[in-house]
Novice: 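One structure coming up, written as C-alpha cells, with questions to follow.
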Amino acid sequence: MAQKITFSAGRLQTPDNPIIPYIQGDGIGVDIWPVTQQICDAAIAKAYNGNRKIEWKKLLAGEAAFNTSGEWMPIETMDAFHTYMVGIKGPLTTPVGGGIRSLNVALRQDLDLFVCLRPVSYFDGVPSPIKKPELVNMHIFRENTEDIYAGIEYMTGTPENNQVKDFLMQEMGVKSIRFPDTVSLGIKPVSKEGSERLIRAAIQYAIEKKLPSVTLVHKGNIMKFTEGAFKNWGYALAEKEFEDKVFTWTCWEKLKKEQGELAANEHMKDALQSGKVLIKDVIADAFLQDSLLYPDQFSVIATLNLNGDYISDLLAAMVGGIGIAPGGNVNYDTGYAIFEATHGTAPKIAGKDIANPGSLLLSAAMMLDYIGWIEAATMIRKAMGKAIADKMVTEDFASFMPDATALGTKAFGEAIIKRL
Ligand code: NAI
C-alpha cells in the first residue's frame, strides 16, 4: 500500500511505495514530464526487482491550474507538498502582472527550502566551451531565503525611499550616497542563523558523500558584515561542529604563524589524507575565473543567494547548459524538498516533442538519491550518459555534436530506457 515519506531523528523514512507529488509544469512540461516518469519507473523496477514503486500524485500549478481553477498556486497543491514532504516539478510560467511574484519563490518560502542544491558534473560527449569539462564535479549549495532576494527595495521618488534615505543620511550619518536625489535603495539581509544552516548542510553533504572540500564563496572584501560575516560564521561553525571531520584554512593560517609554512602544509596533508574535508574560501570574482581554469580545485560550494545565481548558470554552461542542469530545493532540518528542472517553460518548442528532458530527469535522479534510492538514481545517470556517449541526443545537443542523431524527446527517453 502506498504510504507517505516521513522525517524523524533528522532522517527521511522512505517506504517501498512512497506517494510522491509532481507538477508536470507548463510549456515543455507536457513533453519532458511523461518521459521522466517513465524512465524513473523503469529504473526503479529494475534496480529493486519490482519491490519498490513510486505512487505518483499529480498536482496542478501554473497555467494548468489557472485555466481550471483561476488560481496559479492552489492551496491543495501547497498542502500536498506539506503532507508528502518530497516532490518534483517541471517549469512554471511566471504570472505577468500582480499577484504572486514567482510560483517557485512561493513554494520555496512556504516550505522554507533554504538550500538550492545544484550538482554540476560532466557527461562524456556533451558539447562544452571549456577544454577539460571532465574535471568539473561540483555541488552548489546556494542560500535560498536571504540576501537581496528578500525583496527589500525602494524606488527613487517614493515616500518609502525618502524615509529610508533620510534615516541613513540624517540619523546614521551616511555620506557615501553619490546621487541622493535619484537613488533607489535595496537592503541585503544576511543572518548568522541563515548562513549557518546553509553551511552546516553543505559540510554534512561533503562528509556523507566523501567529497574533498567545501569552498565558501563570498564578496567579504567589500561587504564585510554580510558576505564577510558569512565566511567567518562558516569557519567558526566548521571548527565548532565538525572539529574532527574537517581541516579549515583558518587552522592552516594559525599553524603557519605558530610553526611555519612547511609544518602547516604537513598538518594539512595528513588531515586530508585521513579523509578530513578541507574548508576554504574564495572571493566570488576570483571563483569565476578559477572555476573555469582549475575546475578540479572545487567540490562543494557554499554561497549566498545572488552569488549562487550567477555561479549556477556559469557552471551549468561549462557542462552543457540549462537543458540538462538539475536542481533541488531542500530544508535539511525538516526534510521538505522539491526537485525541479532549472530551465523555464521554453514556450516556442512546447508540445513539439523536441525538448531535452535531461534537466528534469537528472532532478528526478537527485530526488531518488535524496530519498535513499541511490541504485536507481545511479542507473538513470549512467543510462543517460551512455545514450549521450552513443550520440543519441535531443536537437539542442545534436546541433553542436558532429555525427549525432537528433532524437525527439520520447525517442531520447526510449534510448535511455534501453540503456538502463
Ligand atoms: P527558458 O528556460 O524557458 O528558455 C530559454 C532558452 O532555452 C529557449 O531558447 C528555450 O527554447 C531553451 N530551452 C529551455 N529548456 C530547454 C530544454 N529542456 N530543451 C531544449 N531547449 C530548452 O527561459 P525563458 O524563455 O526566459 O522563460 C520562459 C518562461 O519560463 C517564463 O514564463 C519564465 O518566467 C519561466 N521560467 C520558469 C522557471 C521555473 O519554473 N523554474 C525558470 C525560468 C523561467
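Order of appearance sets the numbers: ligands from 1, and atoms from 1 within every ligand.
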Novice: Which distance, rounded to the nearest 0.5 Å, do you find between the CD1 of I28 and the CH2 of W33?
Specialist: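 Interatomic distance, I28 CD1 to W33 CH2, rounded to 0.5 Å: 14.0 Å.
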
Novice: Nearest protein heavy atom to atom 44 (C) of ligand 1, by residue and atom, and its distance?
Specialist: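 In this structure, atom 44 (C) of ligand 1 has G344 CA, 3.4 Å as its nearest protein heavy atom.
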
Novice: Of the choices A346, S359, A61, which has the non-hydrogen atom that lies closest to atom 11 (O) of ligand 1?
Specialist: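 Heavy atom nearest to atom 11 (O) of ligand 1 belongs to A346.
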
Novice: If I take atom CD1 from residue I130 and atom CG from residue L293, how far apart are they, to the nearest 0.5 angstrom?
Specialist: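 These two atoms lie 9.5 Å from each other.
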
Novice: Which bit of N104 gets closer than 4.0 Å to ligand 1, counting heavy atoms only: side chain, backbone, both or neither?
Specialist: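 Answer for N104: side chain.
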
Novice: On a heavy-atom basis, I'd like to know which of D396, I349, N356 is closest to atom 22 (C) of ligand 1.
Specialist: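 Going through D396, I349, N356 one by one, I349 has the nearest heavy atom to atom 22 (C) of ligand 1.
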
Novice: Please list the nearest protein heavy atom to atom 25 (O) of ligand 1 with its residue and the distance rounded to 0.1 Å.
Specialist: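 Of the protein heavy atoms, P347 CD, 4.7 Å lies nearest.
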
Novice: Can we say K188 and E146 salt-bridge, meaning some charged N sits less than 4.0 Å from an Asp/Glu carboxylate O?
Specialist: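 No, no charged N to carboxylate O under 4.0 Å.
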
Novice: Can you tell which part of T394 has a heavy atom less than 4.0 Å from ligand 1: side chain, backbone, both or neither?
Specialist: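 Near ligand 1, T394 shows nothing, with every heavy atom at 4.0 Å or more.
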
Novice: Between D390 and R419 (salt bridge meaning N to carboxylate O under 4.0 Å), is one present in this structure?
Specialist: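 Yes.
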
Novice: Among all protein non-hydrogen atoms, which one is nearest to atom 33 (C) of ligand 1, and what is the separation to 0.1 Å?
Specialist: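 Looking only at protein heavy atoms, the one closest to atom 33 (C) of ligand 1 is T94 OG1, 3.8 Å.
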
Novice: With the threshold set at 4.0 Å, does a side-chain nitrogen-carboxylate oxygen contact exist between K219 and D285?
Specialist: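 The answer is yes: the pair qualifies as a salt bridge.
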
Novice: Please indicate whether any nitrogen or oxygen in H343 is less than 3.5 Å from any nitrogen or oxygen in ligand 1.
Specialist: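 Yes; the residue has a nitrogen or oxygen that sits under 3.5 Å from a nitrogen or oxygen of the ligand.
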
